Amino acid sequence: MTNHKLLVVATSNPGKLKEMQAYLQDLGWELQLKPEELEIEETGETFIANACLKASEIAKATGEWSIADDSGLMVDALDGQPGIYSARYGSSDADRISRLLRELGNEQNRQAQFVCAIAIARPDGTIALQVEGICRGEILQSPRGTGGFGYDPIFYIPAQQQTFAEMTPDTKRLYSHRGQAFQSLIPQIKTLVK
């Protein structure tokens, strides 16, 4: 067995690749971005369906093991919106945040959760593993903090008394939906390639 196993990440976002690499660095997997020209349409109805779809398509196209995640914010008072459409909720992070705050308005119930689904596909496109991580929190009235991306500045974790955007990367890794998903993924990923 070679020491390095290749895992193609179903994203063109180097930030996401870096974040995944941080979780998997001790496991001997080498991560690389998917080829730019491979665009997978996310037609699934759920986060896990989209993650499986992306992992499977990229694996088949590259002939390598592939990992994909799909994540988003579900706001209780908005019936789980923006959900799987979190990234398409506006044209920029600021845009998405202001739309969400506008739609919530003076709603008292600010409860929300970040969900992250991760799937790993074998080179033939079959799904080897799938996990989901959830982080509960609440939506602030206005953004706080400068770190992170997406909805991080308005997603507040009461236990930490901080938004994701105020946390250090290590703290965010501990609490975040992606962190939760990777915590359940890591013991299983070790059994994949002997």
Side-chain angles (χ1 to χ4, degrees), residues 3-34 46-48 50-52 54-55 58 65-76 82-84 86-87 89 93-94 96-97 100 110-121 128-140 143-193:
N3 284 340
H4 274 288
K5 303 173 284 281
L6 185 66
L7 203 49
V8 178
V9 184
T11 182
S12 330
N13 177 340
K16 199 176 256 191
L17 177 100
K18 228 171 84 180
E19 204 170 73
M20 282 194 179
Q21 189 84 63
Y23 289 110
L24 299 174
Q25 60 194 3
D26 302 334
L27 299 179
W29 289 84
E30 184 192 331
L31 271 57
Q32 80 177 35
L33 289 175
K34 73 170 178 63
T46 60
F47 294 117
I48 204 79
N50 278 331
C52 289
K54 289 190 281 191
I58 297 294
W65 286 80
S66 170
I67 185 169
D69 83 328
D70 195 42
S71 52
L73 179 64
M74 301 178 78
V75 180
D76 295 9
I84 57 173
S86 293
Y89 216 54
D93 285 348
R96 289 184 272 277
I97 286 173
L100 186 70
R110 312 294 285 188
Q111 294 295 306
Q113 63 185 26
F114 260 126
V115 181
C116 174
I118 301 174
I120 292 183
L129 274 182
Q130 50 182 34
V131 297
E132 199 163 55
I134 290 175
C135 175
R136 294 286 301 174
E138 47 201 56
I139 304 297
L140 294 181
R144 277 184 18 196
T146 52
F149 55 88
Y151 298 95
D152 289 358
I154 54 169
F155 191 76
Y156 179 76
I157 309 284
Q160 277 301 103
Q161 300 193 320
Q162 283 180 315
T163 65
F164 271 176
E166 294 174 302
M167 291 180 183
T168 64
D170 284 349
T171 305
K172 183 183 168 188
R173 263 205 294 282
L174 206 59
Y175 284 91
S176 81
H177 49 307
R178 191 164 284 122
Q180 305 296 331
F182 272 104
Q183 275 165 28
S184 43
L185 183 79
I186 285 164
Q188 299 178 56
I189 204 175
K190 290 177 177 158
T191 65
L192 278 186
V193 181

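What you are looking at is a predicted structure, and each value in this text was computed from that prediction instead of being measured. In this chain, numbering begins with 1 at the start of the sequence shown.
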Seminar exercise, completed: Residues Ala68 and Ala55: closest non-hydrogen pair is CB-N, 3.5 Å

Seminar exercise, completed: The reported gap from CD in Gln188 to CD in Gln130 (rounded to nearest 0.5 angstrom) is 9.5 Å

Exercise. How long is the gap from CD on Gln160 to OG1 on Thr171, to the nearest 0.5 Å?
Worked result: 6.0 Å

Problem set entry | Gap between atom CG of Leu6 and atom CG of Leu31 - 0.5 Å precision | 8.0 Å

For this session: Please name the pair of heavy atoms, one in Ala51 and one in Ala117, separated by the smallest distance, quoted to 0.1 Å.
Result: CB-O, 3.7 Å

Exercise. Can you tell if the side chain of Ile139 reaches within under 4.5 Å of the side chain of Phe155, non-hydrogen atoms only?
Worked result: yes

Exercise. Taking the side chain from Arg96 and the backbone from Ala87, do they hold a donor-acceptor pair closer than 3.5 Å?
Worked result: yes

Exercise. Within a strict 4.5 Å, meaning less than it, do heavy atoms of the Trp65 and Leu192 side chains meet?
Worked result: yes

Exercise. Are any of the side-chain heavy atoms of Leu24 and Ile186 separated by less than 4.5 Å?
Worked result: yes

Exercise. Who are the salt bridge (charged side-chain N to carboxylate O under 4.0 Å, His left out) partners of Asp69, not counting sequence neighbours?
Worked result: Lys16, Arg178

Problem set entry | Name of the residue among Ile48, Ile120, Leu185 meeting side-chain contact (heavy atoms from CB on, under 4.5 Å) with Val131 | Leu185

Exercise. Would you call Thr163 and Asp152 a side-chain contact if the rule is heavy atoms closer than 4.5 Å?
Worked result: no

Exercise. Are Ile157 and Met167 close enough, and set up right, to give a side chain to side chain contact (heavy atoms under 4.5 Å, CB included), and what steps lead you there?
Worked result: CA-CA 10 Å; Ile157 309 284; Met167 291 180 183; 3.5 Å; yes

Seminar exercise, completed: Heavy-atom nearest pair, Pro187 first then Thr191, reads O-CG2, 3.8 Å

For this session: Check each of Tyr151, Phe149, Tyr156, Phe114 against Phe164 using the ring pair (Phe, Tyr, Trp, His ring centres under 6.0 Å) test, and report the only one that passes.
Result: Phe114

Problem set entry | salt bridge (charged side-chain N to carboxylate O under 4.0 Å, His left out) involving Glu132 - partner list, sequence neighbours excluded | none

Problem set entry | Side chains of His177 and Phe47 in contact at under 4.5 Å (non-hydrogen atoms) | no

Problem set entry | Shortest non-hydrogen separation from Gly145 to Pro153 and the atoms involved | O-CB, 4.2 Å

Exercise. Is there a side-chain contact between Trp29 and Ile189 (heavy atoms, below 4.5 Å)?
Worked result: yes

For this session: State which residues pass side chain to side chain contact (heavy atoms under 4.5 Å, CB included) with Asp26; sequence neighbours excluded, sorted by chain then number.
Result: none

Exercise. Roughly how far, to the nearest 0.5 Å, is the CD1 atom of Ile154 from the CG atom of Leu140?
Worked result: 7.5 Å

For this session: Specify the closest pair of heavy atoms between Gln32 and Leu17, including all atoms of both residues, with the distance to one decimal.
Result: C-CD1, 3.8 Å

Seminar exercise, completed: When rounded to the nearest 0.5 Å, the distance separating CD1 of Ile67 from OG1 of Thr11 is 11.5 Å

Problem set entry | Heavy-atom side-chain proximity of Met74 to Ile134 below 4.5 angstrom | no

For this session: Quick one: closest heavy-atom pair of Val8 and Ile58, and the distance?
Result: CG1-CG2, 3.5 Å

Problem set entry | Non-hydrogen side-chain atoms of Glu138 and Pro158 separated by less than 4.5 Å | yes

For this session: Measure the spacing between CD1 of Ile84 and OG of Ser71 and express it to the nearest 0.5 Å.
Result: 12.0 Å

